[in-house]
Amino acid sequence: PILYSYFRSSCSWRVRIALALKGISYDLVPVNLIKDGGQQFSAEFKALNPMQQVPALKIDGITLSQSLAIINYLEETRPNPRLLPQDPKKRAQVRMIADHIVSGIQPLQNLSILNQMGEKKMEWAQKCIASGFQALEQILQHTAGRYCVGDEVSMADLCLAPQVANAERFKVDMGPYPTITRINKALLELEAFKISHPSRQPDTPAELRA
């Protein structure tokens, strides 16, 4: 497998966690979203992913983009350890939380949007994340055990930790979100989350390395 990734991309981090949890070794090709006006806009990368976004994963003779589509494929082809609960209600809750982050928070504060916000980019990102986290905190109070849904790591957790990292980068006050904070702390203690962390990637700049 070949993963096209950017160290700071939360969508790429979700996939790196899934690959680590499932013990899938891969080659990493960095795509710098800032350098050269954004390497994702090159003709070469556009041929790979017409949406010109990371991540993209070449695996089993196909190329997949969109983090949840990639994670779902890994789940269906390499089911251990599982990232979706067997219980249909818990499975629906996992998907709900993942969608809440992937559709309702992250796209509103990603690079392409922030670049259009000019001087208000920090304020905009804080507002979008805080609004999403207020809802997410309430949801997690009903679903969480040690992690987002019960005591098993799921796809929801793969979305949560990268989004909290974004929140911290944009200096969002995490005080009002004790459940999110507690779960994130537990996740960052897991080896798969450590080795896939943005501070430990081949393309992480020296000053941001752990």
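These numbers were taken from a predicted model, which means no experiment stands behind them.
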ask   = So, does Asp99 use its side chain to make a donor-acceptor pair with the main chain of Ser103 at under 3.5 Å?
value = no

Neighbour count >12 (heavy atoms, 6.0 Å) for atom CD, Glu189 = yes

task = Any chance you could lay out the side chain to side chain contact (heavy atoms under 4.5 Å, CB included) test for His197 and Trp13, step after step, and finish with the verdict?
result = CA-CA 7 Å; His197 194 278; Trp13 188 8; 3.5 Å; yes

task = Sorted by first residue and then second, give each salt bridge (Lys or Arg N to Asp or Glu O under 4.0 Å) pair with at least one member in residues 193-204; sequence neighbours left out.
result = none

note = Between the SG atom in Cys148 and the CG atom in Leu140, the distance rounded to the nearest 0.5 Å is 5.0 Å

remark   = Nearest heavy-atom approach of Leu83 to Ala18 is CD1-CB, 4.1 Å

query = Any idea which heavy atoms bring Pro81 and Glu75 closest together, and the distance?
reply = O-OE1, 4.1 Å

ask   = Would Leu188 end up clustered with Met155 when hydrophobic side chains under 4.5 Å apart are linked, directly or stepwise?
value = yes

query = When you look at CD of Gln141, are more than 12 heavy atoms from neighbouring residues, nucleotides or ligands closer to it than 6.0 Å?
reply = yes

query = Taking only residues two or more places apart in sequence, or in another chain, which ones meet Phe133 in a ring-ring contact (aromatic ring centres under 6.0 Å, His included)?
reply = Tyr177

query = Leu158 versus Leu21: any side-chain heavy-atom pair under 4.5 Å?
reply = yes

ask   = How long is the gap from CE on Met122 to CE on Met117, to the nearest 0.5 Å?
value = 13.5 Å

task = Determine yes or no for a side-chain-to-main-chain donor-acceptor pair under 3.5 angstrom, with Gln126 supplying the side chain and Phe170 the backbone.
result = yes

task = Measure the CZ-OG distance between Arg8 and Ser199 for me, rounded to the nearest 0.5 Å.
result = 11.0 Å

Leu208 CG to Arg169 CZ distance, which is reported to the nearest 0.5 Å = 9.5 Å

query = Does NZ belonging to Lys22 count more than 12 external heavy atoms closer than 6.0 Å?
reply = yes

inquiry  = Test your reading of the model: is there a side-chain donor-acceptor pair from Asn72 to the backbone of Ala69, 3.5 Å cut-off?
reply    = no

task = With side chain to side chain contact (heavy atoms under 4.5 Å, CB included) as the test, would you mind laying out the steps for Phe7 and Asn32 before giving the verdict?
result = CA-CA 8 Å; Phe7 81 101; Asn32 193 309; over 6 Å; no

key: Note, Glu152 side chain near Arg82 side chain (heavy atom, < 4.5 Å)   = yes

ask   = Out of curiosity, does Leu19 fall in the hydrophobic cluster containing Leu64 (side-chain heavy atoms, cut-off under 4.5 Å, transitive links)?
value = yes

request  = Decide if atom CD of Gln86 counts as having more than 12 heavy atoms of other residues, nucleotides or ligands within a radius under 6.0 Å.
outcome  = no

note = dist Asp36:CG -> Ser42:OG (nearest 0.5 Å) comes out at 9.0 Å

note = Note: Ala161 and Asn184 closest approach over all heavy atoms is CA-OD1, 3.4 Å

key: Under 3.5 Å: donor-acceptor pair, side chain of Gln39, backbone of Ile34   = no

query = How far apart are the closest heavy atoms of Gln201 and Ile195, and which atoms are they?
reply = NE2-O, 3.2 Å

request  = Mind running side chain to side chain contact (heavy atoms under 4.5 Å, CB included) on Leu136 and Leu160 for me, showing each step along the way?
outcome  = CA-CA 10 Å; Leu136 187 58; Leu160 183 85; 3.7 Å; yes

query = Could you state the interatomic distance from CG (Asp27) to OH (Tyr4), rounded to the nearest 0.5 Å?
reply = 9.5 Å

query = Quick one: does Gln163's side chain have a donor or acceptor within less than 3.5 Å of a partner on Ile105's backbone?
reply = no

inquiry  = Assess the residue pair Arg78 and Asp60 against the criterion (salt bridge (Lys or Arg N to Asp or Glu O under 4.0 Å)); give the C-alpha distance rounded to whole Å, side-chain angles, the decisive distance to 0.1 Å, and a yes or no.
reply    = CA-CA 12 Å; Arg78 295 149 176 87; Asp60 301 341; 2.9 Å; yes

query = Can you check whether Thr204's main-chain N or O pairs, donor with acceptor, with Arg209's side chain at less than 3.5 Å?
reply = yes

query = If Ile, Leu, Val, Met, Phe, Trp and Tyr residues are connected whenever their side-chain heavy atoms lie under 4.5 Å apart, and connections chain through other members, are Val15 and Ile62 in the same group?
reply = yes

ask   = Taking all atoms of both residues into account, what is the closest heavy-atom pair of Ser67 and Cys11, and its distance?
value = CB-O, 3.5 Å

task = Could you tell me whether the side chain of Ile59 reaches within less than 4.5 Å of the side chain of Leu74, counting heavy atoms only?
result = yes

inquiry  = Could you check whether any side-chain heavy atom of Arg16 comes within less than 4.5 Å of a side-chain heavy atom of Ser5, counting everything from C-beta outward?
reply    = yes

inquiry  = Could you go through Lys46 and Phe41, starting from their C-alpha distance and side-chain angles, then the distance that decides it, and tell me whether this counts as side chain to side chain contact (heavy atoms under 4.5 Å, CB included)?
reply    = CA-CA 6 Å; Lys46 189 179 181 182; Phe41 300 122; over 6 Å; no

key: Donor-acceptor under 3.5 Å (Trp124 side chain, Gly118 main chain)   = no

message = Please tell me whether Tyr73 and Leu3 are part of a single hydrophobic cluster in this structure, the criterion being side-chain heavy atoms less than 4.5 Å apart.
response = yes

ask   = Which residue, Ile180, Thr181, Thr179, forms the side-chain contact (heavy atoms from CB on, under 4.5 Å) with Ile183?
value = Thr179

key: Same apolar cluster: Val164 and Leu114, side chain cutoff 4.5 Å   = yes

query = Are any of the side-chain heavy atoms of Cys159 and Leu68 separated by less than 4.5 Å?
reply = yes

ask   = Are any of the side-chain heavy atoms of Ile97 and Ser154 separated by less than 4.5 Å?
value = no

ask   = How far apart are the closest heavy atoms of Ala167 and Met174, and which atoms are they?
value = CB-SD, 4.1 Å

